[in-house]
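A short worksheet on the structure shown next.
The basis for the numbers below is simple: all heavy atoms, side chains too, and nothing from hydrogens, waters or symmetry mates.
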Amino acid sequence: MSENFNAKAFLRTVTSSPGVYRMYDKGDVVIYVGKAKDLKKRLSSYFRSNLPNVKTQALVSHIANIDVTVTHSETDALILENDYIKQYMPKYNVLLRDDKSYPYILLSGHRHPRLAYHRGAKREKGQYFGPYPNGGAVRESLHLMQKIFPIRQCEDVYYKVRSRPCLQYQIGRCSGPCVGKISDEDYAEQVKLASLFLKGRDQQVMGELVAKMDHASQELEFEKAALFRDQIAALRRVTEQQEVSNQSGDMDVIGVHFASGIACFHLLFVRNGKIFGSRSYYPDVPADTPLSEVLRAFVMQFYLNTDSQRTMPAEIILSQAFEEMAEFENAVSQALGKKVAIKTNVRSDRASFLRIADTNATNAVVSRLSHKNTVEQRFVLLEEAMEYSGTIARMECFDISHTMGESTVASCVVFNREGPNKQDYRRYNIEGITPGDDYAAMKQAISRRFDKLTSSAKVPDILFIDGGIGQLRIAQKVVDEKFANIDKAPLLVGVAKGEGRKPGLETLIYGESEVAFNLAADSPALHLVQHIRDESHRFAITGHRNKRQKTRNTSTLESISGIGPKRRKALLQYLGGIQEVKGASVAELAKVPGISIEMAQTIHDALRG
């Protein structure tokens with residue numbers, strides 16, 4: 001506890017109401033978030049003379065300030081606690097970090113939103129629903145949505161250039177917003193209903209559709225009423241199937257294993273009595289945290305994360321109980337508008353599912369501990385092979401990827417003593433160089449990586465360069481300049497491919513001395529170097545392909561000032577395509593509706609450089 005924090009004076013002012021508390025260190029950083037039914041009683045327990053828990057002792061030793069927020073009920077406190085944990089990511093809380101590779105359904109934020117399969121970082125604006133256990137589950141859901149809600153699922157590139165309805169409109173699977181077959185207001189209503197359906201609010205959607213059908217009938221709009229009738233029938237068929245499924249078992253089954261600081265939660269998504277998919281989660285667990293707290297934190301953060309709009313089953317089966325299960329059920333009902341039952345003592349099929357989940361959780365922890373020990377052993381052997389003085393705590397590797405100079409991307413991947421540290425990976429879009437100049441690309445990437453160095457910056461102990469002596473010299477020159485006034489610079493090592501690019505024949509080159517050496521093909525130290533080199537290559541080529549695809553999907557008209565979506569669409573429709581636009585004269589361009597002589601000249605000059 002900080003010398004400046006007076007616990008006795010603080011506790012005299014604390015209320016006994018329910019609420020949430022945030023603990024800060026001397027740097028005004030939130031280090032712990034908790035909730036309490038009685039704030040005064042809970043906070044007083046932290047400042048007893050005989051604290052039994054080592055983790056609590058460490059936490060209290062860093063407290064410099066405490067802030068409390070009073071709530072109306074313990075359920076409100078539970079929801080607010082989860083929001084604060086997600087916002088502040090405190091170091092002494094158990095933190096669940098979802099893997100970005102899980103698939104989601106995206107409802108985009110366009111004027112006419114689209115439903116789409118999404119995997120990866122959430123860069124596009126819109127609502128994300130999921131995560132789903134696998135890609136097949138997402139595609140099955142999208143196929144189902146098309147039958148109920150006529151919302152577009154086409155790509156933006158295809159949507160922007162439509163001049164007449166597509167096949168999806170003809171078969172009733174899209175309402176044709178691209179060509180004005182539906183008003184913006186009516187389309188927005190369908191989007192709203194689809195969003196509610198994905199959140200699991202089937203009955204609310206049904207009620208709104210029935211009301212719309214009745215209103216249309218009263219206004220004598222019988223064709224419109226018939227469309228709502230068909231939509232209600234489709235939705236009823238789906239919900240009836242779900243009710244039948246619930247009789248056979250619609251649940252999430254969670255097995256847990258916690259050993260040597262590693263916790264694994266293995267989830268079985270059981271739908272219609274069958275395992276629909278499964279996932280393992282590994283939350284970040286502070287040292288000396290009891291299992292009951294880990295379990296409670298995982299369940300709260302996993303299911304109360306309203307941003308991801310998870311599909312909530314009727315039952316959650318746990319291998320162990322935790323405190324506040326009743327409060328959690330109330331919080332879910334309040335936050336998501338859906339009832340859920342948590343069960344721990346189960347029999348028959350549910351017990352069988354739970355055994356599978358527990359077995360998978362145990363195996364996952366054993367496997368991860370084995371991998372952790374293997375990586376640690378490889379680091380030790382690499383230190384010995386390179387005669388490195390000290391401990392290698394962090395390694396980085398750079399690689400360049402392009403196709404004949406097009407869409408050049410540089411990657412920087414990071415390894416620590418536990419393996420790949422993906423949250424520190426970085427990509428650099430290389431601009432302003434001669435296409436295909438790998439030396440200039442490497443110089444720009446290294447320069448940007450160490451552009452703003454401070455005493456607290458993360459600096460690698462070893463920096464690998466995927467390439468030969470040329471790229472290594474460029475990188476070494478940049479590092480010498482950037483670290484001229486900083487004590488410890490990274491050791492640069494080039495990884496040159498061997499004869500025939502065969503693995504095991506790589507030559508390693510020190511940056512400063514340019515002394516080359518080799519490691520045995522079966523050396524675990526070389527395997528570690530190969531791993532980080534291959535990972536940097538994979539990360540670079542993935543970024544390059546994405547950038548190249550985006551470039552090829554982008555019309556050259558989009559870069560011309562004054563050419564918006566309407567004019568672009570008019571040009572393509574009137575002249576018949578981008579090649580015809582490029583070949584048109586100024587006079588021909590000026591004949592397009594909305595294109596003046598001056599604008600035609602601008603387009604003509606821009607398309608010809």
Side-chain angles (χ1 to χ4, degrees), residues 35 37 73-75 77-79 81-82 94 96 98 130-133 137 199-203 239 241-258 263-283 285 289-306 308-365:
K35 73 97 188 169
K37 186 177 182 179
S73 66
E74 193 174 2
T75 300
L78 197 64
I79 296 172
E81 177 197 23
N82 182 71
V94 177
L96 173 63
D98 279 353
Y132 286 78
K199 293 176 184 177
R201 298 176 182 175
D202 306 350
Q203 295 306 312
T239 54
Q241 289 173 2
Q242 289 178 344
E243 288 172 4
V244 172
S245 298
N246 285 337
Q247 295 174 6
S248 302
D250 186 4
M251 69 196 87
D252 285 355
V253 182
I254 305 177
V256 58
H257 189 72
F258 187 30
C264 175
F265 292 87
H266 189 82
L267 267 72
L268 297 181
F269 301 87
V270 180
R271 302 295 182 264
N272 195 18
K274 298 178 181 178
I275 298 177
F276 187 53
S278 64
R279 286 286 184 187
S280 290
Y281 293 84
Y282 304 90
V285 181
T289 304
L291 176 58
S292 59
E293 183 179 340
V294 178
L295 181 59
R296 172 192 175 276
F298 172 80
V299 173
M300 300 294 180
Q301 293 180 45
F302 186 82
Y303 288 106
L304 288 179
N305 184 2
T306 53
S308 63
Q309 307 290 0
R310 297 185 188 281
T311 303
M312 181 66 72
E315 295 179 55
I316 298 174
I317 311 299
L318 293 175
S319 58
Q320 300 187 43
F322 65 94
E323 295 181 5
E324 304 170 345
M325 289 201 301
E327 288 82 355
F328 168 73
E329 292 176 358
N330 293 333
V332 169
S333 178
Q334 180 175 321
L336 305 179
K338 189 168 185 178
K339 291 186 177 180
V340 63
I342 302 180
K343 300 178 181 178
T344 53
N345 297 318
V346 292
R347 300 178 181 177
S348 187
D349 292 344
R350 286 168 173 74
S352 178
F353 286 137
L354 193 55
R355 282 194 295 272
I356 294 173
D358 277 335
T359 300
N360 278 278
T362 302
N363 290 340
V365 171

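- Remark: Ser292 engages no residue in a side-chain hydrogen bond (donor to acceptor under 3.5 Å, both in side chains) (not counting sequence neighbours).
- Contact annotation: the side chain of Ile316 approaches that of Tyr303 to within less than 4.5 Å [non-hydrogen atoms, C-beta and beyond].
- Taking Glu74 as the reference, Lys35 meet the side-chain hydrogen bond (donor to acceptor under 3.5 Å, both in side chains) condition, with sequence neighbours excluded.
- With values rounded to the nearest 0.5 angstrom, Tyr282 atom OH is found 9.0 Å from His266 atom NE2.
- Listed for the Gln301 side chain is a donor-acceptor partner under 3.5 Å among the backbone atoms of Val94.
- In terms of heavy-atom proximity, Leu295 sits nearest to Ala321 at CD2-O, 3.8 Å.
- Here the straight-line distance linking atom CZ of Phe269 with atom CD1 of Ile254 works out to 8.5 Å at 0.5 Å rounding.
- Distance CG/Leu291 to CD/Gln320: 4.5 Å, rounded to 0.5 Å.
- You'll find the side chain of Phe265 stays beyond 4.5 Å of the side chain of Val299, heavy atoms only.
- The shortest non-hydrogen separation linking Ala263 to Pro283 is O-CD, 3.6 Å.
- Nearest heavy atoms, Cys264 versus Ala364: SG-CB, 3.6 Å.
- To the nearest 0.5 Å, the span separating CG on Leu267 from CZ on Phe302 amounts to 5.0 Å.
- Partners of Phe258 under the ring pair (Phe, Tyr, Trp, His ring centres under 6.0 Å) rule, at least two apart in sequence or in another chain, do not exist in this structure.
- Sorted by first and then second residue, the salt bridge (Lys or Arg N to Asp or Glu O under 4.0 Å) pairs with a member in residues 353-365 form an empty list; sequence neighbours excluded.
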Acceptor/donor pairs from residues 340-347 side chains to any protein atom, 3.5 angstrom cut, sequence neighbours excluded:
{"unit_1": "Lys343", "atom_1": "NZ", "unit_2": "Glu315", "atom_2": "OE1", "d": "3.1"}

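- In summary, of the residues considered (Leu268, Ile356, Leu318), a side chain to side chain contact (heavy atoms under 4.5 Å, CB included) with Val253 occurs for Leu268 alone.
- Contacts classified as salt bridge (Lys or Arg N to Asp or Glu O under 4.0 Å) and involving residues 294-304 (residues at least two apart or in different chains) are given here: Glu81-Arg296, Arg296-Glu324.
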